Amino acid sequence: MSEPIKTLPLVFDEPKGRGKPPRHLADFTLDERKAHLEGLGLPGFRAKQLSTHYFSRLVDDPEQMTDLPAADRAELVAGLLPDLMTPLRTLEADKGTTRKTLWKLFDGALVESVLMRYPDRVTICVSSQAGCGMACPFCATGQGGLQRNMSTAEIVEQVVAGARSLARDEVPGGPGRVSNVVFMGMGEPMANYKAVIGAVRRLTDPAPAGLGMSARGVTVSTVGLVPRMHQLATEGIPVTLALSLHAPDDELRNELVPINTRWSVAETVNAAWEYARITKRRVSIEYAMMRGINDQAWRADLLGDVLNSYGDWGWVHVNLIPLNPTPGSKWTASDPKDEREFVRRLEAKGIPTTVRDTRGSDIDGACGQLAAAE
Ligand code: SAH
């Protein structure tokens, strides 16, 4: 008998499904916004005012846009600031400093974002796709498959909504700002490359073209779509790249991260190293610690050797994630003793290693738990 043909997750770039999300100013550069308004028969110079309301003042109520003529306001807002998504529910943990929001998009697709406030920073974890096509068996998002790609504006709006709630003092700790954005919510960012790059640009463009964040505060996480990682390195935006490795050997990684059958550990780690070399940004290797699966001491040594084979100039650090529970998963988190030994062995090989906190796990808002059910 011949071997069954391996089916690989498909990589889509265009949104599919019922129509396209409404066009919003966050989809466009400042010049494109102007042209878009003019195309609608509206004065182009209003684009800058609308942009200031959205990105600088974080206003969403047209009533407050008093610098726009009352007679044209509705039309201008419909042209560049259409409603993109509706919050269905927000769950809180850690005394309100962790907040997971469930969003309904224009076509009914559901996504989630998570805001995490720490003493020294605020991180928003955003989704880039409704669902995910990568099918990693330990991740809740991967179990439902891909519904569709999100648009640039749908991605950006999650951050702007979080920024609004901080500015309006709705998050304990006083009025605040978003300092970090991580593309670690639902979806595979590199499978929605164009929209994700657009979102990164909007987040980092100075106001009123964008939110004016530092690119250093932005992290894009990927299962390892190698050609896209190479492409990202050439964009000239120094975002942090995180690679979800989870195993240092192909045999195990083929099972944990199925796209590994397309791009091997060696190809994937090589692309991460290339990214570090070109951007001078230290890459983060994500490694979810699964009891008896990938947490053996010998795998720590192998991981250290694989990473060190690209040199020890500080190009990489490892972030261990205690496995978060997901429905129906047969795996559990590692024994803390094994986790400590794993850290010790990596550090003995000179690799900076941290263990991620499990913020949000009590509201199913931690890594790998976003499934967006109503
Ligand atoms: N698709 C991208 C972006 C998602 S980031 C990526 O995989 O990198 C979410 C991170 O959480 C990834 O590193 C993912 O592998 C990890 N993860 C998924 N399920 C998890 C779980 N149950 N426990 C801990 N981490 C998990």
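Remember, it's a predicted structure, so these values are computed and weren't measured experimentally. Whatever order the structure lists ligands and atoms in, that order sets their numbers, starting from 1.
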Between Tyr54 and His24, is the gap from one ring center to the other below 6.0 Å? yes
By the side chain to side chain donor-acceptor pair (under 3.5 Å) test, which pairs, at least two apart or in different chains, include something from residues 304-313? Asp305-Lys349
Return a table of N or O atom pairs, ligand 1 on one side and protein on the other, at distances under 3.5 Å, rounded to 0.1 Å.
unit_1	atom_1	unit_2	atom_2	d
ligand 1	1 (N)	Gly187	O	3.0
ligand 1	1 (N)	Glu188	OE1	3.1
ligand 1	7 (O)	Ser244	OG	3.3
ligand 1	8 (O)	Ser221	OG	2.6
ligand 1	8 (O)	Thr222	N	3.3
ligand 1	8 (O)	Ser244	OG	2.6
ligand 1	13 (O)	Ser244	OG	2.6
ligand 1	15 (O)	His246	NE2	2.5
ligand 1	22 (N)	Phe138	O	3.0
ligand 1	22 (N)	Asn324	O	2.9
ligand 1	23 (N)	Asn324	N	2.8
ligand 1	23 (N)	Cys367	O	3.4

Please name all residues satisfying side chain to side chain contact (heavy atoms under 4.5 Å, CB included) with Leu58, sequence neighbours left out, ordered by chain then number. Val160, Ala163, Arg164, Ala167, Leu211
Validation: residues 176-188 side-chain donor-acceptor distances under 3.5 Å, sequence neighbours left out:
unit_1	atom_1	unit_2	atom_2	d
Ser179	OG	Val122	N	2.8
Ser179	OG	Val122	O	3.1
Glu188	OE1	Val223	N	3.0
Glu188	OE2	Met190	N	3.1
Glu188	OE2	Thr222	OG1	2.7

Does this structure show an ion pair linking Asp94 with Lys100, if we count only N-O contacts that are shorter than 4.0 Å? no
Identify the heavy atoms of Trp263 and Pro227 that sit nearest to each other, and give their distance. CZ2-CD, 3.4 Å
